Chemist: 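Here it is, the structure, as structure tokens.
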Amino acid sequence: MAHPHLGSDNLKKIVKTLRNQFVDMGGTIVFETALLDLKISNNTVHTAYTTSGDIEADYYILAPGHSAFETYRMLIRNSVEFRTKNFAIGSRVEHLQETINKAQWGVENLPGLKAAEYRLTAKSHGVLPVYTFCMCPGGMVVPATAYPDSNIVNGMSLYRRDSRFANAACVAAVNPDRLIGKKSSPLEALEWLQTLEERFYRYLNGFQAPFCRIQDFIDQKESPATAESSYPLGLKPAALWDMLPVEVSSSIRHGLKDFSKKITGFETGIIMGLESKTSSLIQVLRDKNGLCCGFDNLYVAGEGSGYSGGIISSGADGIKTALNIIEGV
Ligand SMILES: Cc1cc2nc3c(=O)[nH]c(=O)nc-3n(C[C@H](O)[C@H](O)[C@H](O)COP(=O)(O)OP(=O)(O)OC[C@H]3O[C@@H](n4cnc5c(N)ncnc54)[C@H](O)[C@@H]3O)c2cc1C
């Protein structure tokens with residue numbers, strides 16, 4: 001009850017139903033269409049230039065998600081103001097679900113229950129705070145990049161949560177300025193993140209996930225060539241601790257040690273890939289009516305705005321944006 005779970009398989013049906021409802025109410029959906037640029041004058045957007053032609057409207061709500069680097073850059077070029085914000089970065093850990101069940105329940109299976117969960121935080125002790133996020137019991141680790149030359153991972157569970165594996169993001173909370181080592185503009189922060197995601201791709205020239213055993217990450221020593229995993233595109237052993245930014249890596253090492261004391265067998269799992277999308281590292285500047293500062297009819301909503309993280313808060317941000325328009329008319 002405390003952790004409602006839709007299941008990624010159910011999302012497909014839910015989104016289709018939402019779409020049909022939107023169309024029934026007079027909405028139009030244009031697929032395979034990219035927004036390229038905006039025509040702006042006197043603080044007002046007049047036209048959206050897209051790959052399917054120009055769109056003219058009274059109001060423009062952009063909800064590009066937090067991976068749309070080129071859309072962010074287009075907006076910044078058009079004087080839409082952003083600032084950097086705290087975010088979190090790290091990797092994904094994965095265990096056999098029975099290890100987590102045993103640690104949490106004392107037995108590997110409990111009739112009537114699907115799969116045990118955990119939510120862990122580690123005290124910082126002079127390093128960055130580390131926590132687990134988006135824990136997916138009975139789930140799978142999936143490739144999650146939007147680009148052909150970058151490599152990042154994420155996790156999901158189907159409704160039944162019945163895979164043999166449990167995974168979670170294991171991330172360090174940090175400010176982009178601290179990572180980059182200087183006060184950075186939103187463009188510099190985006191550039192930094194994109195370069196890191198591309199470095200993970202170039203390491204293997206593909207979408208295999210670099211991985212090591214959690215105990216080996218703690219000890220900084222090489223792992224065996226293979227490991228059991230749900231990740232569909234294959235794993236490759238790597239010195240993952242060297243691939244992450246130094247401060248993130250050392251903080252995660254402390255965090256993993258701490259988690260291994262809290263969950264019996266935690267250190268027997270694996271840690272893999274780059275997890276860089278827990279939330280956006282930049283945030284649009286909004287006025288009191290939710291508009292992009294300095295604009296009469298432009299809104300950035302959802303996760304791409306930097307004000308939400310996750311399905312529900314992004315949906316809520318969309319509703320708030322719609323209400324702002326309705327109440328302002
Ligand atoms: C594998 C995975 C598992 C997740 N699991 C969960 C979970 O269990 N619970 C949870 O709460 N959240 C989860 N999330 C996060 C969740 O998916 C996001 O928070 C949410 O989708 C954000 O919604 P949004 O509408 O703001 O952006 P998005 O869903 O990212 O949608 C943005 C859309 O805009 C499009 N776009 C971008 N730029 C342009 C452009 N220029 N022109 C046209 N289109 C453009 C993108 O292609 C995309 O379709 C998960 C994410 C991933 C990747």
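Scope of the values below: all heavy atoms of this structure, side chains included, with no hydrogens, waters or symmetry mates. Start at 1 and go down the list; that is how both ligands and their atoms are numbered. Here the structure is a predicted model, which is why all the values come from computation and not from measurement.
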Chemist: Is it the side chain, the backbone, both or neither of D317 that has a heavy atom closer than 4.0 Å to ligand 1?
Modeler: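 Neither part.
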Chemist: Using a plain distance cutoff, I'd like to know if L35 has any nitrogen or oxygen under 3.5 Å from a nitrogen or oxygen of ligand 1.
Modeler: yes
Chemist: Assess S308 for proximity to ligand 1: is some non-hydrogen atom of it under 4.0 Å away?
Modeler: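 Checking ligand 1 against S308, which is what was asked, there is no heavy-atom contact under 4.0 Å.
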Chemist: For the ring pair Y118 and F259, is the centre-to-centre distance below 6.0 Å?
Modeler: no
Chemist: For atom 45 (C) of ligand 1, is some protein heavy-atom partner under 4.0 Å away?
Modeler: no
Chemist: Keeping the roles fixed (side chain from N324, backbone from N289), state whether a donor-acceptor pair exists under 3.5 Å.
Modeler: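 Yes: the side chain of N324 pairs with the backbone of N289.
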Chemist: List for me each residue that meets salt bridge (Lys or Arg N to Asp or Glu O under 4.0 Å) alongside D317, sequence neighbours excluded, and say none if there are none.
Modeler: R286
Chemist: Based purely on interatomic distance, does V142 place a nitrogen or oxygen under 3.5 Å from a nitrogen or oxygen of ligand 1?
Modeler: no
Chemist: Looking only at N/O atoms, are H66 and ligand 1 under 3.5 Å apart anywhere?
Modeler: no
Chemist: Can you pull out the closest protein heavy atom to atom 17 (O) of ligand 1? Residue, atom name and distance to 0.1 Å, please.
Modeler: I311 CG1, 4.4 Å
Chemist: Backbone, side chain, both or neither: what part of A63 comes under 4.0 angstrom of ligand 1, heavy atoms only?
Modeler: backbone
Chemist: For atom 37 (C) of ligand 1, decide whether some protein heavy-atom distance is shorter than 4.0 Å.
Modeler: yes
Chemist: Could you say whether the N/O atoms of N154 and ligand 1 ever approach to under 3.5 Å?
Modeler: no
Chemist: Using ring pair (Phe, Tyr, Trp, His ring centres under 6.0 Å), reason through Y201 and Y147 one step at a time and then give a plain yes or no.
Modeler: CA-CA 10 Å; Y201 176 83; Y147 298 94; over 10 Å; no
Chemist: Measure T71 to ligand 1 on non-hydrogen atoms and call it side chain, backbone, both or neither using the 4.0 Å cut-off.
Modeler: side chain
Chemist: Protein heavy-atom contact under 4.0 Å for atom 49 (O) of ligand 1?
Modeler: no
Chemist: Would a 4.0 Å cut-off, counted as strictly less than, catch a protein heavy atom around atom 19 (O) of ligand 1?
Modeler: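 Looking at atom 19 (O) of ligand 1, one finds that a protein heavy atom does lie closer than 4.0 Å.
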Chemist: At the 4.0 Å heavy-atom cut-off, does L62 count as touching ligand 1?
Modeler: no
Chemist: What protein heavy atom lies closest to atom 43 (C) of ligand 1? Include the residue and the distance to one decimal.
Modeler: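 Sorting protein heavy atoms by distance from atom 43 (C) of ligand 1 puts T33 O, 3.3 Å first.
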Chemist: Looking at SG of C170 and CE of M135, how far apart are the two atoms once the value is rounded to the nearest 0.5 Å?
Modeler: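 With rounding to 0.5 Å, SG (C170) is 12.5 Å from CE (M135).
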Chemist: Check residues 204-212 and write down every donor-acceptor pair under 3.5 Å in which the side-chain atom is one partner and the other belongs to a residue at least two apart or another chain.
Modeler:
none

Chemist: Report the distance from atom CD of E267 to atom NE2 of H95, rounding to the nearest 0.5 Å.
Modeler: 7.5 Å
Chemist: Identify the closest protein heavy atom to atom 3 (C) of ligand 1: which residue and atom is it, and at what distance?
Modeler: G155 O, 3.1 Å
Chemist: How about atom 1 (C) of ligand 1: does it have a protein heavy atom within less than 4.0 Å?
Modeler: yes
